[in-house]
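Accompanying notes for the structure given below.
Residue numbering restarts at 1 for every chain, and letters A, B, ... go by the order of the sequence lines.
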Amino acid sequence: MHALTVAAQWFIGLFIAGSTTFTGLVVGIVPLLIVLLTFFNTVITLVGPEKVERVGVWAARSGLLFYPVRYILLPVVAVLFLTNPMAYTMGRFLPERFKPAFYDAAVSWVHPPLGIFPHVNPGEIFVWAGIANGVQKLGLPLGDLAVRYLLTGLVVIFIRGILTERITAIMWTRRRARVAQEPVA
Amino acid sequence: MPGGFAGLLSNIGRAVGGVVGALYQAGRDAINSVIRNILPFMAFISVIIGIINATGLGHVIAVGLTALSGNVLGLVILSIICAIPVLSPILGPGAVIAQIIGTLIGTQIAAGNVRPIMALPALYGIDAQVGCDFIPVGLSLGEAEAETVEIGVPAVLFSRMVTGPTAVVIGWIASAGMFPK
């Protein structure tokens, strides 16, 4: 009988530990998240997502100057205003050769802003909140981390855009060469 | 458009009504999103974390995770694993793996096993596979042709092998001076 009680207590203890975690998450994250989501959803409705399309048209131009437009400005604006996954529809304004690179840049930007703009991807908030929660429990401020995550995100998506564009170009050339050879063989 | 005072009043009324309506709808969307996406994930992660913490499993995971996330080299290795072209599309969906590993690293930071200065590189270390499961769909949303998708999928996957670890290093460098004692 005693063993049974101990076993039962151990069993329920697993879930009491879980419930403490749950309370911490709900109280610590949900209220701020709801207010932020409401605010940013309103801003998006009032600004109108169709304005983002102008940036898309502008970013399609080639030239060195348009790299930052294509792989920083366009993904950032698209993700902030259209959110995940509709942001990727902005790729339709770009020539085919830029589309994979734009997707890479845009999809890599759906997590870095989460500390400040959780509305871009609330379903995946824990990519940010999991680690941030640990930092917060130490009594450290989160603002610095959130801003640095967002800013380094800009650098990362820019690098991803440029590199993926290069790789796409190389693979395209190889593919064309292979297709051209096939009738001979 | 009616002029004069009555016109002004009607314009103000319409503008205020528009903003209030947008706010109300935004609140509804926010609550929906919390109930449909966020609370279920919190429930799921609470059960996992609870069991891990209450059983001895936590100590085993702590040792492994501290080794990986306690230093830059470990995080670079983690990001390379996440970016392996065969693995990355499997690890991607819903960012579930990134969210679980992130939460576990968070508990290690809270427990003092991982230094908080590693938080930023860790955010990149767990996320090298972001969107790798979604490339064909994402490209189709951008109205890409079939040939672009065929080339784009491996192009993004190969690119991540380089940019995944690069992001960790960038995060590590950018952590300089964070959380001064």
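- Side-chain contact check for A:Leu37 versus B:Asp29: every heavy-atom pair is 4.5 Å or farther apart.
- When heavy atoms are compared at a cutoff of 4.5 Å, A:Thr164 approaches chain B by way of both its backbone and its side chain.
- The contact between A:Ile34 and chain B is made by backbone and side chain atoms together, counting heavy-atom distances below 4.5 Å.
- At a 4.5 Å heavy-atom cutoff, the contact between A:Leu138 and chain B is made by side-chain atoms alone.
- Note that the CD atom of B:Gln108 and the CD1 atom of A:Ile131 stand 11.5 Å from one another [nearest 0.5 Å].
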Practice item. List the steps, then state whether side-chain contact (heavy atoms from CB on, under 4.5 Å) holds for B:Ile135 with A:Val107. Key: CA-CA 9 Å; B:Ile135 308 169; A:Val107 84; over 6 Å; no
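- In terms of heavy-atom proximity, B:Ala30 sits nearest to A:Thr38 at CB-OG1, 3.5 Å.
- Rounding to the nearest 0.5 Å gives a distance of 8.5 Å between CD1 of A:Ile159 and OG1 of B:Thr163.
- The two residues B:Met42 and A:Val30 come nearest to each other via the heavy atoms CE-CG2, 3.7 Å.
- Heavy atoms of B:Leu120 lying under 4.5 Å from chain A belong to its backbone as well as its side chain.
- The distance from atom CD of B:Glu147 to atom CD of A:Glu96, rounded to the nearest 0.5 Å, is 8.5 Å.
- Looking only at heavy-atom pairs under 4.5 Å with chain B, the residue among A:Val43, A:Leu46, A:Leu145 that has the most is A:Leu145.
- In this structure the side chain of B:Met178 never reaches within 4.5 angstrom of the side chain of A:Val135, judged on heavy atoms.
- For A:Phe66, the CZ atom counts as densely surrounded, since its 6.0 Å shell holds more than 12 non-hydrogen atoms of other residues, nucleotides or ligands.
- Neither the backbone nor the side chain of A:Asn133 comes within contact range of chain B, judged by heavy atoms closer than 4.5 Å.
- For B:Leu39, the parts sitting under 4.5 Å from any heavy atom of chain A are the backbone and the side chain alike.
- With a threshold of 4.5 angstrom between heavy atoms, B:Leu123 approaches chain A through its backbone and through its side chain.
- Considering CZ of A:Phe126 and CD1 of B:Ile100, their distance stands at 11.0 Å, rounded to 0.5 Å.
- At a 4.5 Å heavy-atom cutoff, the contact between B:Ser33 and chain A is made by side-chain atoms alone.
- Taking CG of A:Leu33 as the start and CD1 of B:Ile38 as the end, the distance is 4.0 Å to the nearest 0.5 Å.
- A distance of 6.5 Å separates CG in A:Asn84 from CZ in B:Phe134, rounded to the nearest 0.5 Å.
- Ranked by heavy-atom pairs under 4.5 Å with chain A, the first of B:Thr107, B:Val137, B:Ile51, B:Leu23 is B:Leu23.
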Practice item. Begin from the C-alpha positions of A:Glu124 and B:Asp127 and carry the test side-chain contact (heavy atoms from CB on, under 4.5 Å) through to its verdict. Key: CA-CA 11 Å; A:Glu124 296 173 4; B:Asp127 212 21; over 6 Å; no
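- In this structure, chain A has no heavy atom under 4.5 Å from any part of B:Tyr24.
- Heavy atoms of B:Val156 lying under 4.5 Å from chain A belong to its backbone as well as its side chain.
- Neither the backbone nor the side chain of B:Ser69 comes within contact range of chain A; no heavy atoms are under 4.5 Å apart.
- Of all heavy-atom pairs spanning B:Ser159 and A:Asp104, the tightest one is OG-OD2, 3.6 Å.
- Looking only at side-chain heavy atoms (C-beta outward), A:Tyr88 and B:Ser140 stay at 4.5 Å or farther from each other.
- Residue B:Arg36 does not touch chain A at all, counting heavy-atom pairs closer than 4.5 Å.
- Note: B:Thr148 leads B:Val149, B:Thr148, B:Thr103 in heavy-atom pairs under 4.5 Å with chain A.
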